[in-house]
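Some notes on the structure that comes next.
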Amino acid sequence: MTAVFGDADEAVAGIADGSTVLIGGFGMAGMPVQLIDALIRQGATDLTVVSNNAGNGDTGLAALLAAGRVRKVICSFPRQSDSWVFDGLYLAGKIELEVVPQGTLAERMRAAGAGIGAFYCPTGVGTPLAENKETRTIDGRDYVLEYPIKGDVALVGAHIGDRMGNLVYRKTARNFGPVMATAATLTIAQVGRVVETGELDPETVVTPCIYVDRILDLSEAEAAR
Amino acid sequence: MTVAPEPAGRTAEHLDRGPLSRDELAAVVARDIPRGSFVNLGIGQPTMVADHLPADAGIVLHTENGMLGMGPAAEGDEIDHDLVNAGKIPVTELPGASYFHHADSFAMMRGGHLDVCVLGAFQVSERGDLANWHTGAPGAIPAVGGAMDLAIGAKNVFVMMTLFSRDGTPKLVPECTYPLTGPACVSRLYTDLAVFRIGPEGVTVLETYGTTVKELASRLDVALRTLGGW
């Protein structure tokens, strides 16, 4: 049963120290900023964050890093023109980094959500990112064995949700959301608005409600302010 | 559509002109992308190739953050922060566009469904090894993004770069000294001074701009073949 919240702080209640948190978004597109801000207020620390980037500017994920709550980042592309918060922590040795090719990052989470124990992937073979990993040649091609990434919590941004927890996304803000929603024990989605059950065309639902535990309705949060 | 066309006959030395500008280089890459291809243009310089693709060529652009049918950069009222390209630049959608999540987007790449990708590079080796993600320098923050997935996934990997670094060091080398993005994956190398085909037979010069094969051979530590047996 999906719970709908109008209050971001209630939506993130109970996230434990040491959690692995999957955070959607590609740059700022699809980044669940209100949930991240609430997580900062909630106070969980010693987190491992899995996200494509390692924060942009000073808001969202960057603010979580700046607050000192993150022990390790697993991402594909930390270095950007506006990743100064991460860059400073990394160069000061205050944060751990695991760089994963972007497609492997997505597939490792897909595997976690789909019950796959590990998979052979051609990406990264012959590069430093395959060092110390098992490899196998299948039909003459080399593959590296990659393991799932399972989250304790996923924070994703979607466009519209219904009261059951079905989600639709908007344009390229979809990115990692649908995959992360499947890969965590507790999935929390922030949406622009919540509609009544039955209002979403079932053919257009991208994330079925089975994957969604909590929804933050931003239109209600906005109205309450 | 799996093989990009190449000039028939002989290696062409264009000596009536200087090296290619960045924009001219993008036009040469665009010229070699077959009609009807599905194409991914890497961030940075490869993005310029889009400006030279003929509108009637039926070429569909893929962006790794989950879209086919990407249009030009958005301007003014078109800017929508939910619609960005791999470089996080606001873009537009063309008729026939589609959106999909990241695992599907990379399945498209890894699964060999893209005809061509165009990437920048620090170095390319004579076997087609690509190095474009990390200098390995102390203090450098590694960031790979989708480069490794594209390098091993696209049917044709085109690289565009200058042939020499600012201090004159060749970037087409016998062996990459930077960490690899992918081994033996580059099939075409487009540079300001020459276009090369790279394959099991080695490095073949297809065209030169403002220089000769002989001069290139003297500056590169790589055996160069030519078309047309000269």
Side-chain angles (χ1 to χ4, degrees), chain A residues 24 26-31 52-54 56 75-83 86-87 90-91 97 99-111 113-114 121-130 141-142 157 159 169-182 206-207, chain B residues 43 63-67 70 80-93 97-112 127 129-134 136 138-153 176 178-185:
Chain A
F26 185 86
M28 293 306 284
M31 168 90 52
N52 187 60
N53 302 107
N56 302 76
C75 74
S76 86
F77 208 80
R79 185 192 64 227
Q80 298 173 94
S81 58
D82 57 355
S83 61
F86 173 82
D87 297 358
Y90 180 77
L91 295 174
L97 171 66
V99 172
V100 180
Q102 199 170 141
T104 303
L105 186 69
E107 194 66 12
R108 286 176 66 186
M109 289 186 279
R110 201 195 71 79
C121 181
T123 307
V125 168
T127 79
L129 297 189
R141 192 174 193 195
D142 293 334
H159 182 43
Y169 297 83
R170 192 167 171 276
K171 302 185 186 284
T172 58
R174 180 181 307 196
N175 58 69
F176 283 91
V179 177
M180 289 180 170
T182 69
V206 174
T207 294
Chain B
I43 58 178
T63 182
E64 66 205 40
N65 51 316
M67 181 186 195
M70 179 176 68
D80 178 338
H81 293 289
D82 284 345
L83 179 47
V84 297
N85 66 11
K88 281 102 182 171
I89 309 290
V91 291
T92 51
E93 66 184 27
S98 55
Y99 297 105
F100 31 85
H101 64 63
H102 248 81
D104 278 352
S105 184
F106 280 78
M108 237 170 248
M109 293 154 75
R110 208 190 294 108
R127 286 187 308 280
D129 296 346
L130 169 65
N132 77 348
W133 70 286
H134 187 28
I141 299 174
V144 68
M148 288 186 181
D149 307 272
L150 281 170
I152 60 93
C176 292
Y178 290 132
L180 288 193
T181 306
C185 58

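Because the structure is predicted, anything quoted here is derived from the model rather than measured.
In this structure, A/Phe26 has its ring center under 6.0 Å from that of B/His102.
Taking chain A as the reference chain and counting heavy-atom pairs below 4.5 Å, the highest number among B/Ala131, B/Pro142, B/Ala86, B/Gly87 is found for B/Pro142. Note: B/Asn65 leads B/Leu83, B/Asn65, B/Leu180, B/Asp104 in heavy-atom pairs under 4.5 Å with chain A. Of the listed residues (A/Met109, A/Met180, A/Arg170), the greatest number of heavy-atom pairs within a distance under 4.5 Å of chain B belongs to A/Arg170.
The contact between B/Thr181 and chain A is made entirely by backbone atoms, counting heavy-atom distances below 4.5 Å. Only the side chain of A/Phe86 comes within contact range of chain B, judged by heavy atoms closer than 4.5 Å. Proximity to chain A is limited to the side chain of B/Asp80, based on heavy atoms less than 4.5 angstrom apart. Contacts of B/His81 with chain A are made by backbone atoms alone, with heavy-atom separations under 4.5 Å and no side-chain atom involved. Heavy atoms closer than 4.5 Å to chain B are found nowhere in A/Val206, neither backbone nor side chain. With a 4.5 angstrom heavy-atom cutoff, A/Leu105 does not touch chain B via any of its atoms. Using a 4.5 Å cut-off between heavy atoms, A/Phe176 touches chain B through backbone and side chain atoms alike.
Checking side-chain atoms of A/Arg174 against main-chain N and O of B/Gly66 turns up no donor-acceptor pair under 3.5 Å. No donor-acceptor pair closer than 3.5 Å links the side chain of A/Thr123 to the backbone N or O of B/Met148.
Going from atom NZ of B/Lys88 over to atom CG of A/Asn52 covers 5.5 Å, rounded to the nearest 0.5 Å. One finds the OG1 atom of A/Thr172 at 10.5 Å from the CZ atom of B/Phe100 (value rounded to the nearest 0.5 Å). Between A/Gln102 atom CD and B/Phe106 atom CZ the span is 3.5 Å, to the nearest 0.5 Å. Separating the CD1 atom in B/Ile152 from the CG atom in A/Asp142 is a distance of 11.5 Å, to the nearest 0.5 Å.
Closest of all the heavy-atom pairs between A/Leu91 and B/Gly139 is CD2-O, 3.3 Å. Nearest heavy atoms, B/Ile141 versus A/Pro78: CG2-CG, 3.9 Å. The minimum heavy-atom distance linking B/Arg110 with A/Gly103 is given by the pair NH2-O, 3.0 Å.
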Please lay out, stage by stage, how A/Leu129 and B/Val144 fare under the test side-chain contact (heavy atoms from CB on, under 4.5 Å).
-> CA-CA 10 Å; A/Leu129 297 189; B/Val144 68; 4.1 Å; yes
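Between B/Trp133 and A/Pro128 there is a side-chain heavy-atom pair separated by less than 4.5 Å.
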